[in-house]
Amino acid sequence: MFLRKQVKLDTWLSNILILLLSVFCINTIGAQREEINSDVNPEQVDMIKKYNTLSAAAPQAFTKHITDPSNTEALERLVSLSNDFLTTYPSFKRIGEVNYYLGKALVQLGRVENGIVSLEKMITDTSPNHIAETHYPDNIGDVLRWSPLEHGLLELGLAHDKLKQYDKADTVYKKLITHPAFGDGLQARIARGIIELDIALRTGEVSKPHNAWIGQTAPNFRMRYGKDRQQLISLNQFEGHVVLFYYGNTDTQNLAQLHEKYKDKLFQIISVNADVSESHTTKAIEEKGDAWIHYHDNYGKVVDMFQIRTLPVLFLIDSEGVIRKTQLDAASLEKAVDELVKENFAKYDDLRTQTVIAKAVKAHGGREKLMAVKNMTRDYSLFIALPDGTLHKYGGGKAYLYPNKYRSDFYSTDGGNYRIMSDGKMIYFSDGNTVAKLDDDKVEMQMQQEKDMAFREPIWLLKTLAQSKIPVEYVGIENVEDEPASVLSVKQPSGIPIKLYISSKTHHLVKIVIEGETDKVVKLFKVFKDVDGIILPHQSITITDDEHHETHFSNAILNAEIAPQLFDPKELAK
């Protein structure tokens, strides 16, 4: 079998084949807070389960307190879980984290003296090197790594301030600020701001807590969004865009106005619902559609990562992912957005870049024709280079391609016949007899790869460039097979950059380079074909490490009549 290992054949179709043949080999990583080893005794299993329950309850309890201070049920449950755990398992290796959760919850419930006792015990018993990990039960896999000692020192100082014990509070704040490991951190920044306040203004609450983020890189997190909550995206995928990250009431009219004014200027809004119920997020989507991203923070992940203490809060993030502004009123916000948008465009919207793109779009058929392409069908043949330099065909088939879904009917030279289909939410495959779908825990990873591959498909890539909806950076001139080509750098939906090589002579897209963490893929376009007035790559070559593969395309049809049942999973086996 020539596919002796899983390789990246960097086209829609050959990658589909690899997925089909290796779908059961994809590795996934679990997201438990503490791994449960089957060899441990039942008491240890119970301890770990209770700790996982406790650590999941903590961020949700603190989030509910922010959104509805009168609702103390979640905090009381957290106190009960913590006390029970401390009594039953006092020697647990993460006991400092439990004392932190307990102390913070007690302070928020108004039992400040008791909270101070727990926080002081945590500080006494916790090493500066101890790093806690918060895993969220949303099955996305984000992990927050934090120091209980660093966070506990700030919480203890605030608790003393609540009791007007300012001298004790200052001692704790100064310990945090001068600590060699924490002195440059966010908690120390907040502590410095508190010490600079007049004592009369110190109430144990942070007056402008989020200003400490200014100049810092925004924490990255992933979120499910959209009406069906099946779309997955991460904050760092918007590098190159100005991002308004808002946490509060999703009905804010200012967001709609800003979206309408800047939606085509590399500007993105992420609106997080602060209500404990998801109904407000659903209502916002029903009323406004998915014009921008609406996200419901039901596990307290965003509150945790951004250390949100008051609502509403907004963070204005520049194209490099750095938080530039927080807490702006409506008039100041629009001015700040306008300034950052103009600053961002100045970096990318230079004459050289736009000239290269304009010539490439024209050379491939023109903006009007490219924008009219809704789908494409084509036949394909797959080859692998043998040691003697010859090409050996190992399969082929027919593909039906849309920007957000596809189907491929594939035959291999060893007699196998397969079909695979993605509807943008799930991946299905068939050997001609039965239909199966990709395991749920593999879907997110594979769908992200599919989005990147669709982005790199020349017909969709040229449409995207024609719309000027992504930042493009001019890199320079390099030769491709002895011909000069302009090199542009863009980012895929995953955030991974790729380089585009556009011939200075023909203005055709002649090469794409994707450099991953462990390999490099070079995609060359050698033969071009005119299909309905649009120039398409007729043959591509993919080189991954030492392996060489070719994909030959034929019989391409644009805007084809594609029967809807072809995208019905039930029809795959027929």
Side-chain angles (χ1 to χ4, degrees), residues 54-55 58-59 61-63 65-66 69 72 75-76 78-83 85-87 90 92 94-132 134 146-213 216 303-304 306-310:
L54 168 66
S55 60
F62 299 139
T63 299
H65 178 72
I66 293 170
T72 61
L75 286 174
E76 292 288 6
L78 178 58
V79 169
S80 177
L81 289 171
S82 300
N83 280 325
F85 194 93
L86 290 167
T87 301
F92 181 58
R94 297 189 179 279
I95 205 69
E97 297 164 32
V98 180
N99 272 309
Y100 171 80
Y101 295 141
L102 175 59
K104 183 175 179 179
L106 288 169
V107 172
Q108 291 187 356
L109 286 168
R111 302 199 282 275
V112 183
E113 293 89 347
N114 293 336
I116 287 175
V117 171
S118 293
L119 290 169
E120 286 179 336
K121 181 170 177 53
M122 183 276 298
I123 289 169
T124 301
D125 296 342
T126 304
S127 165
N129 298 322
H130 177 71
I131 300 299
T134 300
W146 55 285
S147 165
L149 181 58
E150 180 184 14
H151 286 246
L153 286 169
L154 179 62
E155 296 298 335
L156 180 58
L158 291 170
H160 283 304
D161 270 345
K162 281 183 180 292
L163 299 180
K164 303 187 185 303
Q165 297 171 350
Y166 303 118
D167 289 341
K168 290 184 178 180
D170 284 349
T171 299
V172 176
Y173 291 142
K174 288 175 182 176
K175 183 176 180 180
L176 173 60
I177 292 168
T178 60
H179 198 287
F182 310 140
D184 294 328
L186 185 69
Q187 316 305 314
R189 283 185 168 211
I190 295 174
R192 287 189 188 94
I194 294 171
I195 288 179
E196 292 171 359
L197 289 174
D198 186 285
I199 283 182
L201 300 176
R202 285 167 55 173
T203 62
E205 303 292 339
V206 186
S207 56
K208 294 182 178 180
H210 310 114
N211 286 354
W213 276 108
Q216 302 292 299
V303 166
D304 228 359
F306 283 80
Q307 298 179 43
I308 293 172
R309 292 174 176 268
T310 59

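All residue numbers in this chain count up from 1 along the given sequence.
Note on Lys121 versus Asp125: salt bridge recorded, some NZ/NE/NH1/NH2 to OD/OE distance being below 4.0 Å.
Minimum heavy-atom separation, Val172 to Gly157: CG1-N, 3.8 Å. Scanning both residues, Ala169 and Asp161, for their nearest heavy atoms gives CB-OD1, 3.3 Å. Met122 approaches Pro148 most closely through the heavy-atom pair CE-O, 3.3 Å. Among all heavy-atom pairs drawn from Ala159 and Ile116, the shortest one is CB-CG1, 3.6 Å. Between Leu78 and Ala61, the shortest heavy-atom contact is CD2-CB, 4.1 Å. Across every non-hydrogen atom of Lys175 and Leu153, the tightest pair is CD-CD2, 4.1 Å.
To the nearest 0.5 Å, the span separating CD1 on Ile194 from CG on Asp170 amounts to 10.0 Å. Expressed to the nearest 0.5 Å, how far CD1 of Ile95 lies from NE2 of His130 amounts to 10.5 Å. To the nearest 0.5 Å, the span separating CG on Leu176 from NE2 on His151 amounts to 10.0 Å. Here the CD1 atom belonging to Ile308 is positioned 15.0 Å from the CZ atom belonging to Phe62, to the nearest 0.5 angstrom.
Ring planes of Phe92 and Phe85: perpendicular class, angle over 60° (limits at 30 and 60°).
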Enumerate donor-acceptor pairs with a distance under 3.5 Å from any side-chain N or O in residues 179-190 to protein atoms, sequence neighbours excluded.
| residue | atom | partner | partner atom | Å |
| --- | --- | --- | --- | --- |
| His179 | ND1 | Ala181 | N | 3.1 |
| Gln187 | NE2 | Gln307 | OE1 | 2.4 |
| Arg189 | NH1 | Ala212 | O | 2.8 |
| Arg189 | NH1 | Ile214 | O | 3.0 |

Without placing hydrogens or testing angles, list every side-chain donor-acceptor pair under 3.5 Å for residues 99-110, not counting sequence neighbours.
none

>> Assess the residue pair Tyr173 and Leu158 against the criterion (side-chain contact (heavy atoms from CB on, under 4.5 Å)); give the C-alpha distance rounded to whole Å, side-chain angles, the decisive distance to 0.1 Å, and a yes or no.
In response: CA-CA 9 Å; Tyr173 291 142; Leu158 291 170; 3.6 Å; yes
> Please walk me through it: do Leu149 and Ser127 pass side-chain contact (heavy atoms from CB on, under 4.5 Å)?
Replying inline: CA-CA 7 Å; Leu149 181 58; Ser127 165; over 6 Å; no
>> side-chain contact (heavy atoms from CB on, under 4.5 Å) for Ile195 and Lys174? Distances and angles first, verdict last.
In response: CA-CA 9 Å; Ile195 288 179; Lys174 288 175 182 176; 4.2 Å; yes
> Between Asn83 and Val79, is a side-chain contact (heavy atoms from CB on, under 4.5 Å) present by the stated rule, with each step listed?
Replying inline: CA-CA 6 Å; Asn83 280 325; Val79 169; 3.5 Å; yes
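Glu205 meets the side chain to side chain contact (heavy atoms under 4.5 Å, CB included) test with Lys162, Thr203; sequence neighbours excluded.
Contact annotation: the side chain of His210 approaches that of Thr310 to within less than 4.5 Å [non-hydrogen atoms, C-beta and beyond]. In this structure, Tyr166 and Arg202 have side chains that are in contact, with non-hydrogen atoms separated by less than 4.5 Å.
Of the possible polar contacts, one joining the Thr63 side chain to the Pro59 backbone as a donor-acceptor pair under 3.5 Å is found. Proximity of a side-chain donor or acceptor of Ser147 to a complementary backbone N or O of Glu150 within less than 3.5 Å is detected. For the pair Trp146 (side chain) and Ile131 (backbone), a donor-acceptor distance under 3.5 Å is absent.
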